[in-house]
Amino acid sequence: MKVLAACLTEEGAKQLKSKTSERLETVILDVTKTESIVAATQWVKEHVGNRGLWGLVNNAGISIPSSPNEWMNKQNFASILDVNLLGMIEVTLSMLPLVRKVRGRVVNVSSVLGRLSFGGGGYCISKYGIEAFSDSLRRELSYFGVKVAIIEPAFFLTDVTSSARVISNIQMLWKKTSSEIWETYGEKYLASYLKDLNGLDQMCNKDLSLVMDCMEHALTACHPHTRYSAGWDAKLFYLPLSYLPTSLVGALLTLISSKPEEAL
């Protein structure tokens, strides 16, 4: 199988090519810039010619800035949505004629946090958006023989889940908030919040092949699944939890979460 891989940086492309076969070629793509998407689409057209594009896998994503919603501003939300959701949508729309031509596949990487909002910021919002976009796209493209799949990984060890990066982001946002926020939430809340995040690396699965296996099945199976849950924690905890009544889930999360200084 020939793979056309989009990378954000030249360094990333170089590292990827050093670990893969000659069947993989790379192109630089910034999903937040229309001109970059147009150029990458043209590059793909030149490579596939009249054969079309069998599979489009949308995997680009970032997780910060994220924090309690009240600590953030509109731009903090927009910076994540531009990559995780709007960028993914524009790439998909741009590549769609090539996929439809061969009755191929679209595979969008969402998250278990596209089913449950565990925190504030744009990340969960973007993943919920991916779920909605993918569902509508699946129904529309079914008339043309194109299949759309969603992959919902649990927590895997990548830059997205790096404890150091997430904690540094929280500390930066806290310093930029108002004195009213400091009084309302308090230093104890911040310390407890950071302590919980410090264990993020340890709770993450290091075996990324579980996600890759889902991608492979979605691309190659005669009858791909609509959704894939990657990781046992996704299958046995987050997925069942998403089917519980909202009030029960809310009570459970409140029970295990840190409490602000001025909480009732």
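Note that the OG atom of Ser247 and the CG atom of Leu252 stand 11.5 Å from one another [nearest 0.5 Å]. Distance check: Leu116 CG to Cys124 SG gives 8.5 Å after rounding to the nearest 0.5 Å. For the atom pair Ile125 CD1 and Asn69 CG, the distance stands at 6.5 Å (nearest 0.5 Å). Taking CD from Glu131 and CG from Leu85, the interatomic distance works out to 11.5 Å, rounded to the nearest 0.5 Å. Residue Ile181 holds its CD1 atom at 11.5 Å from CG of Leu173, rounded to the nearest 0.5 Å. Rounding to the nearest 0.5 Å gives a distance of 5.0 Å between NZ of Lys2 and NE2 of His47.
Crowding of Glu22 atom CD: a count of heavy atoms from other residues, nucleotides or ligands under 6.0 Å not exceeding 12. Heavy atoms from other residues, nucleotides or ligands lying under 6.0 Å from CD of Gln202 number more than 12. In Lys176, the NZ atom is not crowded: 12 or fewer heavy atoms of neighbouring residues, nucleotides or ligands sit closer than 6.0 Å. More than 12 heavy atoms of other residues, nucleotides or ligands sit less than 6.0 Å from atom CD of Glu46.
Between the side chains of Glu90 and Thr34, at least one donor N or O lies within less than 3.5 Å of an accepting N or O. Between the side chains of Tyr185 and Glu70, a donor-acceptor pair is found at a separation under 3.5 Å. For Thr92 and Asn58, the side-chain atoms include at least one donor-acceptor pair closer than 3.5 Å.
The shortest side-chain heavy-atom distance between Leu210 and Trp232 does not fall under the 4.5 Å cut-off. With contacts defined as side-chain heavy-atom distances shorter than 4.5 Å, the pair Phe77/Met72 qualifies. Residues Glu187 and Trp174 form a side-chain contact, since some pair of their non-hydrogen atoms from C-beta on lies under 4.5 Å apart. Using a 4.5 Å heavy-atom cutoff, the side chains of Phe133 and Met88 are in contact. At a threshold of 4.5 Å between non-hydrogen side-chain atoms, the residues Asp30 and Lys33 count as touching. In this structure, the side chains of Ser110 and Ile151 stay at 4.5 Å or more apart for every pair of heavy atoms. Looking at heavy atoms from C-beta onward, Leu96 lies in side-chain contact with Leu137 at the 4.5 angstrom threshold. Between Val146 and Arg105, the closest side-chain pair of non-hydrogen atoms is not below 4.5 Å.
Using a distance-only test at 3.5 Å, with no hydrogens or angles considered, a donor-acceptor pair links the side chain of Arg165 to the main chain of Asp159. Using a distance-only test at 3.5 Å, with no hydrogens or angles considered, no donor-acceptor pair links the side chain of Lys147 to the main chain of Ser142. No donor-acceptor pair closer than 3.5 Å links the side chain of Lys235 to the backbone N or O of Asp233. Checking side-chain atoms of Ser21 against main-chain N and O of Arg23 turns up a donor-acceptor pair under 3.5 Å. Formation of a donor-acceptor pair under 3.5 Å by the Thr9 side chain with backbone atoms of Gly12 is found in this model. Put simply, the side chain of Tyr123 never gets that close to the backbone of Ser66: no donor and acceptor are under 3.5 Å apart. At distances below 3.5 Å, at least one donor-acceptor pair connects side-chain atoms of Ser163 with backbone N or O atoms of Leu197. Judged purely by atom type and a 3.5 angstrom limit, Asp82 has no side-chain atom pairing as donor or acceptor with the backbone of Ser79. The closest donor-acceptor contact from the side chain of Thr26 to the backbone of Ala6 lies at 3.5 Å or more, if one exists at all. Side-chain atoms of Trp54 come within 3.5 Å of backbone N or O of Leu219 as a donor-acceptor pair.
Linking Ile, Leu, Val, Met, Phe, Trp and Tyr whenever their side-chain heavy atoms come within less than 4.5 Å puts Leu241 and Leu248 in one cluster. Linking ILVMFWY side-chain heavy atoms closer than 4.5 Å, directly or via other members, places Val106 and Ile89 in a single hydrophobic cluster. Two different hydrophobic clusters hold Tyr128 and Leu244 under the rule that ILVMFWY side chains link at heavy-atom gaps under 4.5 Å. Placement of Leu208 and Leu157 in two distinct hydrophobic clusters is found when ILVMFWY residues are connected by side-chain heavy-atom separations under 4.5 Å, directly or transitively. Follow the hydrophobic side-chain contacts under 4.5 Å out from Trp43 and you reach Val99 in the same cluster.
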Next item on the list: Step by step, work out the side chain to side chain contact (heavy atoms under 4.5 Å, CB included) result for Leu29 and Leu8.
Entry: CA-CA 5 Å; Leu29 172 63; Leu8 179 61; over 6 Å; no
Item checked: Ile150 vs Thr226, side chain to side chain contact (heavy atoms under 4.5 Å, CB included): CA-CA, chis, key distance, verdict -> CA-CA 6 Å; Ile150 303 170; Thr226 299; 5.6 Å; no
Next item on the list: Starting from the C-alpha separation in whole Å, work towards a yes-or-no answer on side chain to side chain contact (heavy atoms under 4.5 Å, CB included) for Glu25 and Val3.
Entry: CA-CA 6 Å; Glu25 296 188 50; Val3 178; over 6 Å; no
Margin query: Before you tell me yes or no, could you show the steps for Asp135 and Arg227 under salt bridge (charged side-chain N to carboxylate O under 4.0 Å, His left out), namely the whole-Å CA-CA distance, both residues' side-chain angles and the distance that decides it to 0.1 Å?
Written below: CA-CA 10 Å; Asp135 282 342; Arg227 282 173 166 78; 2.9 Å; yes
Checklist line | Pair Val27-Cys7, side chain to side chain contact (heavy atoms under 4.5 Å, CB included): steps then yes or no | finding: CA-CA 6 Å; Val27 65; Cys7 301; over 6 Å; no
Note to self: The test is salt bridge (charged side-chain N to carboxylate O under 4.0 Å, His left out); show your working for Lys188 and Glu261 and say whether it passes.
What the structure shows: CA-CA 7 Å; Lys188 288 184 179 179; Glu261 183 71 27; 5.8 Å; no
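Of all heavy-atom pairs spanning Ala13 and Ile28, the tightest one is CB-CD1, 4.2 Å. Of all heavy-atom pairs spanning Asn108 and Ser134, the tightest one is ND2-OG, 2.8 Å. Nearest approach of Ile62 to Val83, heavy atoms of both residues: CD1-CG2, 3.9 Å. Across all non-hydrogen atoms, the minimal contact from Ala263 to Lys259 is CB-CB, 4.5 Å. Of all the heavy atoms in Ala230 and Val211, the pair that sits closest is CB-CG2, 3.9 Å. Annotation for Ala218 and Pro224: closest pair O-CB, 3.7 Å, computed over non-hydrogen atoms.
A tilted orientation is assigned to the rings of Phe155 and Tyr238, their planes being inclined by 30° to 60°. Between Tyr193 and Tyr189, the ring planes are parallel. Angles under 30° get that label, and only those over 60° would be called perpendicular.
With salt bridges taken as basic N to acidic carboxylate O contacts below 4.0 Å, none links Glu152 and Lys127.
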